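Below, each value reflects all heavy atoms present in this structure, side chains not excepted, and no hydrogens, waters or symmetry copies. Note that this is a predicted model, so its numbers are computed, not measured. Residue indices begin at 1 and follow the sequence shown.
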Amino acid sequence: MPDAIFLNDTIVDATKGVLSTFDRGFLYGDGLFETVRAYNKNPFKLEDHIARLSDSAQFLCIPFRYTCDQIRHIIGQLLAKNHLSDAYIRLTLSRGYNANGFIPVRETDPTFVIHTKPLAPYPELLYKTGVKLIVSQTRKSASCPISRHKTLNYLTPYLIKKEALEAGAHDALILTTEGNVAECSVSNVFCVKDQAVFTPSHDANILSGITRGVVIDLCKESDIPLTEKLFGLHEIATADEVFITNSLMEIMPVSSITGNALGDAFPGKITGLLSAKYKMLTH
């Protein structure tokens, strides 16, 4: 039986969901998305995901009229219909149908889709061995206005991830045009040095990850010194621990960057502590 999805106020079979060929998400990548992880039928940090989606929609002037309570209810229906407990959830918002060219001459009716799928977790072994990173040849503009928003145009992260995989790595660090560490293709970056944590600040034009925010809060609650700042490759290469975060992987230790080893135990002390506290929140 086809999976159920939510499409513009209606729950339908995935194979029967229909989008216009004039949808601006399809034509121009004119839209946004969020990826949420459900634990035992509970979408983790859903309020934060909806707030980020709503803020980005407002920035891009895309109408978005659903409340968090409405979306939570819809997700609950989808999880039940699709017989899911631990799940991958994707919210997709497009500016919608418009056949009048590149610049809409009127407000469009947005397209909003929610998919739920079985969770395919990262291999457990990676949390014990750490992942390998390279440094991408692609640089991030520190002034690009969409870098802080999770848009449907995901070709740059795709190319960066592909570059990493072809080099035998899990992902790649992205530097800004000024040479500062920004993020990875689909994750935020944290470093540990002398029992203190530091991470790129928003001045590096990063996506403000939901898991990034949770880790920052956990550091504060645990009295672990944390700094958001600009820093270069030297500081991350000489860190005691490095880890990356996103909603699906949670907190992942990094074992090496471009072949240079980081630490001798994974996860490191601080990474392991934060990972344990994160798992307590989710369960």
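In this structure, a donor-acceptor pair under 3.5 Å is absent between the side chains of N98 and T108. Residues E228 and T199 bring no donor and acceptor atom of their side chains to less than 3.5 Å of each other. The closest side-chain donor-acceptor pair between S94 and D23 falls under 3.5 angstrom.
Heavy atoms only, all atoms of each residue included: A182 and A204 are closest at CB-O, 4.0 Å. Considering every non-hydrogen atom in both S141 and N205, the closest pair reads O-ND2, 3.0 Å. Across all non-hydrogen atoms, the minimal contact from T245 to V215 is CG2-CG2, 4.1 Å. Closest approach of A169 and I134 over heavy atoms only: CB-CG2, 3.7 Å.
Remark: the backbone N or O of L218 is paired with a side-chain donor or acceptor of S222 at under 3.5 angstrom.
Other residues, nucleotides and ligands contribute only 12 or fewer heavy atoms inside 6.0 Å of the CD atom of Q137. More than 12 heavy atoms of other residues, nucleotides or ligands shown are found within 6.0 angstrom of OH on Y66. For Q70, the CD atom is densely surrounded, since the number of other residues' heavy atoms within 6.0 Å is greater than 12. Heavy atoms of other residues, nucleotides or ligands lying less than 6.0 angstrom from NZ of K132 number 12 at most.
One hydrophobic cluster holds both L46 and L79 under the rule that ILVMFWY side chains link at heavy-atom gaps under 4.5 Å.
The salt bridge (Lys or Arg N to Asp or Glu O under 4.0 Å) test applied to R139 returns no partner, not counting sequence neighbours. For the side chain to side chain contact (heavy atoms under 4.5 Å, CB included) test, residues two or more places apart in sequence or in another chain that qualify with I257 are L133, V135, L173, I236, V254, L262.
Taking the six-membered ring where tryptophan is involved, the planes of F59 and H149 are essentially parallel, since the angle between them stays under 30° and well short of 60°. Taking the six-membered ring where tryptophan is involved, the planes of F243 and F190 are essentially parallel, since the angle between them stays under 30° and well short of 60°.
When ring centroids are compared, Y122 and Y127 stay outside the 6.0 Å threshold.
At least one side-chain heavy atom of F33 sits under 4.5 Å from a side-chain heavy atom of L152. Considering only heavy atoms from C-beta on, R148 stays 4.5 Å or farther from S208 through its side chain.
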